[in-house]
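Here's the structure, in structure tokens; my notes come after.
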Number of protein chains: 2
Amino acid sequence: MQNSFTEENYLKIIHSLSGRDGAEVSTNALAESTSTRAASVTDMLRKLADKGLIHYKKYQGVTLTETGEKVAIKVIRKHRLWEVFLVEKLGFGWDEVHDIAEELEHIPSEVLVEKLDAFLGHPRFDPHGDPIPDAKGNLTEPDYRILTDVQVGEKVLMMGVLDHAPSFLQHLDRSGITLGSVIEVREINEYDKSASVQINGGQTLFISLEVSKNLLVQRR
Amino acid sequence: MQNSFTEENYLKIIHSLSGRDGAEVSTNALAESTSTRAASVTDMLRKLADKGLIHYKKYQGVTLTETGEKVAIKVIRKHRLWEVFLVEKLGFGWDEVHDIAEELEHIPSEVLVEKLDAFLGHPRFDPHGDPIPDAKGNLTEPDYRILTDVQVGEKVLMMGVLDHAPSFLQHLDRSGITLGSVIEVREINEYDKSASVQINGGQTLFISLEVSKNLLVQRR
DNA sequence: ATATATTTTTAGACTAGTCTAAATTTTTTA
DNA sequence: TAAAAAATTTAGACTAGTCTAAAAATATAT
Ligand SMILES: [Mn+2]
Ligand SMILES: [Mn+2]
Ligand SMILES: [Mn+2]
Ligand SMILES: [Mn+2]
């Protein structure tokens, strides 16, 4: 039996809200993320449970079954590969690709995914720094730090973002921060935790806590 | 208002069944092409008429309105561009791309289509020799001849196919006939209209009337 | 021109996915 | 630990797209 667009979206969202510890996801959280009402979520949860894709006990929240996890990871693989295609081959900005990939991720055909993967040169990360699951369904999340955890004086590499909103990505573009940028934390203001950082040894700029909280970095 | 996958498929099929003279299309013909029942077609026709996409009078068949035609041509443009992508960039065979393109053609985003078109180098024809409508919606069908109309002794260029079925395309592959092949008609058998043809000045082979009827050719 | 056959539409029903309003369960708070 | 608040589920309804069976319209053949 094939899964519908809607079912795939639910599975992907459950995967993401569940986090790496596979925590229970609440009905309301899903309603929020799917932009539907809680009642609709409950209906869908019953359906996904019947199909063996989630563990669901009324009032207790849900987690993915092994099968559900597999499906979710396949969709994530497709989403991220298409994003790479859109940015690397078609010249889209990293702030423009999410919604399109949200549709492309549901195109069936295993062959298509594997040919696309090969065409792109088997990329390991998508344009936002998120890891791309391999063909077998292995997804290893690198454990990056958040910029707020970096000490004054440290130099780190910008590796990814937590917020994928176009407005945030465009803000980074305007600040000259991209994947791979070297960020040196020069000063942290006690009052509002805003930081003064130097990018690639060049320009120094101030970034708010809001921005710091959404930047994933790594020791160089 | 956005059109659904289903609506887009109907419009595309009406366009194709309507032919270049824009003839009326019957309910039964649509039921056949959409693999649904006539009753379902009637329901959809009422909906498309309400949206101003088709001219529909009960029992009289349908034709596309100007708006409907525009939508249909956009879908066809996307379908054919994606087919070029699948064959030229991903290495699919021309017999493998139809079903995938049938899904990809419904991905929205004007920008995507135009960037894809540019990436592919603004191709004029798809892998089956069908013309690709331009960005403005102009679709000019070249007037090819069918191989059955070619006289003995004539040399023609293979330009396209009428049947897009994988089995037919694979048959052509096995016969060594591809777009651009030079076909010289050597002999036509009176009894069954099968033909003896020479491909690219090399091998001579026999092709049935069934095959000849589905080959589009052009004077060299 | 009338009877028969074919095509098309209508009537009523079903599934997927969604909604609102009401009922129920769980959690929090006093 | 009982009352209040919050979260979740149930009940009943709606739309898109489909179906079968029956009715109506059109076309074909005596
Ligand atoms: Mn999606
Ligand atoms: Mn991404
Ligand atoms: Mn389609
Ligand atoms: Mn084609």
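Quick note: numbers below take in every heavy atom, side chains included, and nothing from hydrogens, waters or symmetry partners. Every chain is numbered from 1, with letters handed out A, B, ... down the list of sequences.
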Exercise. Are any non-hydrogen side-chain atoms of A/L64 and A/V71 less than 4.5 angstrom apart?
Worked result: no
Seminar exercise, completed: Scoring nucleotides 20-26 of chain C by protein non-hydrogen atoms under 4.0 Å (B base, S sugar-phosphate only, - none) yields BB--BSS
Exercise. With a cut-off of 6.0 Å (strictly less than), are more than 12 heavy atoms of other residues, nucleotides or ligands near NZ of B/K12?
Worked result: yes
Problem set entry | Nearest listed nucleotide, side chain of B/M44, among C/dT8, D/dT9, D/dT18 | D/dT18
For this session: Could you state the atom-to-atom distance from CZ of B/F5 to C1' of D/dT18 in whole Å?
Result: 17 Å
Problem set entry | Any B/N28 side-chain nitrogen or oxygen under 4.0 Å from OP1 or OP2 of C/dT6 | no
Exercise. With the threshold set at 4.0 Å, does a side-chain nitrogen-carboxylate oxygen contact exist between B/E96 and A/K115?
Worked result: no
Exercise. When you check the phosphate oxygens OP1 and OP2 of C/dA16, does a side-chain N or O of A/Y10 lie under 4.0 Å from one of them?
Worked result: no
Exercise. Rounding to a whole Å, what distance do you find between B/Q2:CD and D/dT15:C1'?
Worked result: 17 Å
Exercise. Are OP1 or OP2 of C/dA16 and a side-chain N or O of A/T6 less than 4.0 angstrom apart?
Worked result: no
Exercise. B/E8 CD to D/dG17 P: how many Å, rounded?
Worked result: 11 Å
Exercise. When you check the phosphate oxygens OP1 and OP2 of C/dT7, does a side-chain N or O of B/S26 lie under 4.0 Å from one of them?
Worked result: no
For this session: Answer yes or no on whether B/K89 is positioned over the face of A/F85, meaning its NZ or CZ is under 6.0 Å from the six-membered ring centre and within 45° of the axis.
Result: no
Exercise. If you draw a 6.0 Å radius around CD in B/E141, do more than 12 non-hydrogen atoms from other residues or ligands fall strictly inside?
Worked result: yes
Exercise. Quick one: do B/K47 and B/D43 make a salt bridge, cutoff under 4.0 Å?
Worked result: no
